[in-house]
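Here the structure is a predicted model, which is why all the values come from computation and not from measurement.
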Amino acid sequence: MNQLNILYPIAVDQTKFKIQEDILQFLETKEEMPTFQEYLEERGNYIQQIWINVWLNKVTNDVARKEKKAYLSERGYEVEGVDRKLINQLFRNEMREYQPFAALDWLKNMEKENSLAWEEQYRKARILFEKRIEEKREQAEREEVVTALELEAHKIVENSQQEYYLIVRNFVADKLDTDLHEAVKFEEVDTFRLEELLLEAGSFNPEDYSTVASFLTELTGAVHKTYHYGERHFEYETYYFKYEKRITDFLFGVIPEKILKEMDPALLNRYEDVVGERVNPSKIRKLLANALHLIIHSYMEEIQEEYVSDLLELVPIPYEKSVHQRIYEEDVKERVRRKAAELAEIERKKQEEERMLDDIFGREYIPSAGRDIRYILHVGETNTGKTYQALQRMQEAESGLYLAPLRLLALEVYDVLNAGGIPCTLKTGEEEKIEPGAKHISSTVEMFYEKDFYEVVVIDEAQMIADKDRGFSWYKAITKANAKEVHIIGSYNMQAMILQLLGDADVEVHHYKRDTPLQVESRMFTLSDAKKGDALVCFSRKKVLETASSLQQRGYSVSMIYGSMPPETRKKQMQDFINGKTSIIIATDAIGMGLNLPIRRIVFLQNEKFDGTRRRRLTSQEVKQIAGRAGRKGIYNIGKVAFTGDIPAMAQLLEKKDQEVHTFAIAPTSSVLERFQKYSRRLGTFFELWEKFESPEGTEKASLSEEQYLYETIKDTVIEARLSAGDLYGFLHLPFSTKEQVLVGQWQDTMFAIVNGTELPEPYMRKGSLEDGELSYKAVGLHLLFLYRLDRRTEATYWERIRESFSDEVHERLKTDVKTITKQCRNCGERLAHDFKYGVCDRCHFSKMRRKHKNLNNNRHK
């Protein structure tokens with residue numbers, strides 16, 4: 001085996017070397033030279049073992065596995081499929097007897113040939129041993145003097161920390177004075193949002209800052225590197241990091257030199273003698289690195305508590321330890337006094353705020369009791385005649401009020417009553433149609449006014465009491481309705497909450513069940529399955545229009561319903577479907593809110609919806625509310641329901657018991673705003689108090705996000721100065737979409753016109769496209785909201801006609817424009833199939849994924 005022949009002489013040489021090492025180790029500890037024979041008596045048995053160890057290690061590690069197997073195979077061993085460890089063990093056993101090197105004989109021969117070598121080795125071993133002992137002694141002495149130096153330095157630092165802080169305090173005072181008077185102030189921005197350009201906000205005003213901590217949050221204008229959870233990031237730098245670096249550089253530069261001057265000269269001389277070099281500031285800096293970083297952290301904590309005014313007063317005073325020590329002690333005493341006063345003021349304001357909150361909100365949201373009203377609850381599934389029964393009772397009464405969740409439903413009841421010979425007035429935020437001598441009113445629930453009396457009040461879709469933004473309107477109507485008889489209509493899951501609100505009142509509950517059963521289709525729906533009488537439901541205007549376009553291109557006649565559609569247009573679209581002019585209706589979930597249509601089958605094109613915060617699966621209540629529109633007694637005696645996917649799970653939602661309503665929404669009332677105005681005129685303060693107000697158990701505060709957004713656009717302007725908090729809040733609360741910037745701009749311009757006494761600006765009006773028509777309708781609607789609020793009804797009549805023209809425009813555009821709409825990739829604009837699941841094409845998606853993986857790989861290799 002050639003490899004063994006190569007390794008053998010190498011192993012022999014290594015064995016000889018190790019034997020010589022063993023001889024030196026044996027000799028070095030002997031004060032008198034032992035004989036060679038004495039060595040053999042003590043170590044002879046180990047000499048041969050040296051060869052065995054060297055040889056076996058060499059062949060085990062250096063001979064390839066393939067050659068080991070070949071060697072063993074030649075000697076009759078079975079090696080195929082045998083474990084590697086066993087192969088090595090067998091090979092080592094074989095190698096034990098392979099050409100043994102007679103190490104002991106070699107050693108004896110060496111001694112015979114050169115007897116003087118033993119004496120020479122003894123002298124060499126002793127010299128190396130004594131040298132090693134001396135090196136250890138010198139090393140111990142060096143370590144001792146270095147430890148003494150380090151202890152001395154730490155002791156000086158410990159005793160001088162107060163003085164060092166005075167020096168740092170003086171240093172920071174100078175830097176702070178320079179920054180406040182010379183540096184540029186930047187507008188506040190999230191430090192991680194590097195995509196946002198920093199904007200200059202003028203110069204610093206020292207009076208704006210109480211403690212140093214309040215200043216250190218300001219931005220320097222620079223970008224620096226930070227680490228979060230072990231990953232490197234870049235962010236805008238704040239003065240905290242700048243001052244931390246300044247103090248670090250300052251202390252590491254000044255303190256070591258001061259310590260060096262205070263150290264014992266004898267210790268310094270001894271260090272120089274032992275180590276062979278002089279002690280310098282760099283050496284002190286290394287010895288104290290950890291301690292100095294701890295001190296810096298402590299100083300940063302303390303310096304942040306300093307008052308800016310105290311440090312600025314320190315600037316013109318030259319540093320002298322005793323003077324600065326006295327000033328510091330006086331400042332600390334004053335700081336303690338001021339902090340105690342600040343805490344006392346905070347506590348006083350807290351108690352005052354609690355009294356204010358109680359006075360303003362108090363028992364406003366606790367239902368009144370003991371009223372002599374008869375309540376009738378109409379509880380049941382969708383499309384069961386609940387609203388019809390309640391309205392029949394209202395029509396029989398001398399006076400009545402119908403409160404609807406949608407303007408369209410209010411309009412529908414207005415039309416029905418007037419067509420039936422019962423004069424009825426329509427009141428919504430955007431329009432009024434006053435019928436002479438009418439004692440019945442149909443309105444949206446937000447228009448409810450508690451002081452008006454009616455014989456019968458009908459409140460529809462009462463489960464909306466749980467809506468976080470609109471729910472309070474239902475709460476107010478239910479608990480404060482002024483009538484002989486109040487009819488409350490809703491789903492099963494609202495019954496317990498309504499009964500709890502009404503307490504001991506006279507309550508009669510009617511339950512309703514569907515006459516037409518619902519039947520879930522087992523087959524997944526595709527657009528090619530669409531038939532006359534179908535209502536296809538999705539959850540965005542975009543999806544409604546894309547679906548309508550696809551069906552029109554296939555020859556279907558369709559109606560459309562979505563939330564931002566003008567109610568008059570929606571009514572015409574519905575009427576076309578009812579009269580058979582269109583065979584299919586495509587709608588958002590607005591179809592589930594009290595719209596009675598001859599629908600054969602409800603088809604859910606989507607099982608999820610975006611609720612303003614996140615995309616989520618539809619709830620059982622939502623599925624039932626929408627699916628319940630399928631079937632119409634006498635037309636379709638079975639209501640069918642179809643889904644495009646996940647049929648078993650969606651079908652279970654239809655059978656699942658609704659989750660009961662346990663909370664209802666509350667919002668500011670006119671009484672609350674009146675009480676608030678005793679304390680302040682600023683609505684910003686009111687919004688802060690609203691956030692702090694803890695709503696009663698079982699209630700949830702409205703977010704008021706849109707009101708606050710509008711308020712921020714006119715805060716501290718002439719608008720806020722000239723209007724009372726109540727009046728201004730009324731304008732902030734006008735029901736329009738703040739997501740449309742055109743409308744927000746119109747709102748602002750109109751507000752300025754009102755307070756300045758000038759003509760109201762005309763709304764956006766354009767008829768170039770479907771989007772233009774819809775936006776123009778909303779803009780005119782917002783204009784009408786202002787006119788009705790300002791009691792300018794004559795002008796409102798004119799603008800109602802204008803708005804109606806835009807409603808007609810939208811209706812006509814739906815007939816012509818929708819057919820040309822195509823689904824497109826939102827990145828590259830490529831046309832997509834209607835039923836394509838995603839908003840971007842495959843090419844754009846894969847391109848994005850490639851870039852993502854490339855960036856990940858680049859970051860991994862940095």
Side-chain angles (χ1 to χ4, degrees), residues 349-368 403 405 429 444-448 450 459 461-481 490 493-494 496-498 500-503 611-614 616 619 621 659-713 715 724-739:
K349 286 184 176 179
K350 181 181 177 183
Q351 292 178 1
E352 181 182 311
E353 190 175 83
E354 287 175 354
R355 288 194 297 272
M356 191 190 312
L357 288 169
D358 186 61
D359 180 36
I360 293 171
F361 301 107
R363 296 176 60 83
E364 182 72 20
Y365 302 102
I366 298 175
S368 55
L403 298 174
T444 47
V445 69
E446 281 82 4
M447 298 300 294
F448 169 74
E450 62 193 77
I459 305 169
E461 303 290 355
Q463 70 274 3
M464 288 288 291
I465 194 172
D467 186 89
K468 64 185 179 69
D469 293 315
R470 299 182 64 203
F472 184 64
S473 296
W474 275 267
Y475 166 81
K476 188 166 67 171
I478 290 168
T479 58
K480 298 184 183 297
N493 64 334
M494 66 89 191
M497 170 62 76
I498 302 301
Q500 181 183 341
L501 286 178
L502 298 179
D611 62 8
T613 305
R614 61 186 176 88
R616 59 166 176 79
T619 65
Q621 175 60 30
Q659 187 174 359
E660 289 192 357
V661 174
H662 293 294
T663 61
F664 61 88
I666 58 174
T669 64
S670 56
S671 301
V672 162
L673 289 163
E674 285 172 9
R675 289 194 290 272
F676 165 73
Q677 288 177 100
K678 294 188 300 183
Y679 299 96
S680 174
R681 286 178 51 85
R682 293 189 71 257
L683 266 182
T685 303
F686 177 79
F687 289 128
E688 291 171 6
L689 291 173
W690 180 253
E691 290 295 323
K692 293 176 181 178
F693 164 57
E694 293 186 10
S695 60
E697 186 178 355
T699 67
E700 184 178 349
K701 292 182 296 186
S703 67
L704 307 187
S705 57
E706 295 200 358
E707 289 85 348
Q708 291 188 65
Y709 170 74
L710 289 176
Y711 173 73
E712 288 297 321
T713 67
K715 182 174 68 174
S724 69
D727 287 341
L728 179 54
Y729 183 83
F731 286 116
L732 293 172
H733 196 58
L734 291 178
F736 74 97
S737 173
T738 56
K739 293 178 182 177

- Hey, mind stepping through Tyr475 and Thr699 against side-chain contact (heavy atoms from CB on, under 4.5 Å) and telling me if it holds? CA-CA 10 Å; Tyr475 166 81; Thr699 67; over 6 Å; no
Would you check if the side chain of [X] reaches a backbone N or O of [Y] as a donor-acceptor pair within less than 3.5 Å?
X: Arg470; Y: Met464; answer: no
X: Trp690; Y: Ala702; answer: yes
X: Tyr711; Y: Gly684; answer: yes
X: Lys701; Y: Phe693; answer: yes

Does a side-chain heavy-atom distance below 4.5 Å link [X] with [Y]?
X: Asp359; Y: Lys678; result: yes
X: Glu446; Y: Pro735; result: no
X: Leu501; Y: Phe664; result: yes

[X] side, atom [atom1]; [Y] side, atom [atom2] - distance, nearest 0.5 Å:
X: His733; Y: Leu710; atom1: NE2; atom2: CG; value: 11.5 Å
X: Lys692; Y: Lys350; atom1: NZ; atom2: NZ; value: 11.0 Å
X: Ile360; Y: Ser671; atom1: CD1; atom2: OG; value: 12.5 Å
X: Gln351; Y: Glu353; atom1: CD; atom2: CD; value: 11.5 Å
X: Ile478; Y: Ile465; atom1: CD1; atom2: CD1; value: 4.5 Å
X: Phe676; Y: Arg681; atom1: CZ; atom2: CZ; value: 10.0 Å

If every non-hydrogen atom of [X] is compared with every non-hydrogen atom of [Y], which pair is closest and at what distance?
X: Ser703; Y: Gln708; answer: O-NE2, 3.5 Å
X: Ala477; Y: Val445; answer: CB-CG2, 4.3 Å
X: Met497; Y: Thr663; answer: CE-N, 3.3 Å
X: Phe472; Y: Ile666; answer: CD1-CA, 3.3 Å
X: Thr669; Y: Glu364; answer: OG1-OE2, 2.9 Å
X: Ala665; Y: Asp467; answer: CB-O, 3.0 Å

- Query: Any chance the side chains of Gln463 and Glu461 put a donor and an acceptor closer than 3.5 Å?
  - Reply: yes
- Could you tell me how the ring of Tyr729 sits relative to the ring of Phe686: parallel (under 30°), tilted (30 to 60°) or perpendicular (over 60°)? perpendicular
- Message: Can you list everything that forms a salt bridge (Lys or Arg N to Asp or Glu O under 4.0 Å) with Glu706? Sequence neighbours excluded, please.
- Response: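 Once residues adjacent in sequence are excluded, Glu706 has no partner under the salt bridge (Lys or Arg N to Asp or Glu O under 4.0 Å) criterion.
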- Would Arg355 and Glu352 count as a salt bridge (Lys or Arg N to Asp or Glu O under 4.0 Å) if you check the C-alpha gap in whole Å, the side-chain angles of each, and the deciding distance to 0.1 Å? CA-CA 5 Å; Arg355 288 194 297 272; Glu352 181 182 311; 5.0 Å; no
- Query: Who are the side chain to side chain contact (heavy atoms under 4.5 Å, CB included) partners of Ser737, not counting sequence neighbours?
  - Reply: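 With sequence neighbours excluded, Ser737 shows a side chain to side chain contact (heavy atoms under 4.5 Å, CB included) to Lys739, Glu740, given in chain and number order.
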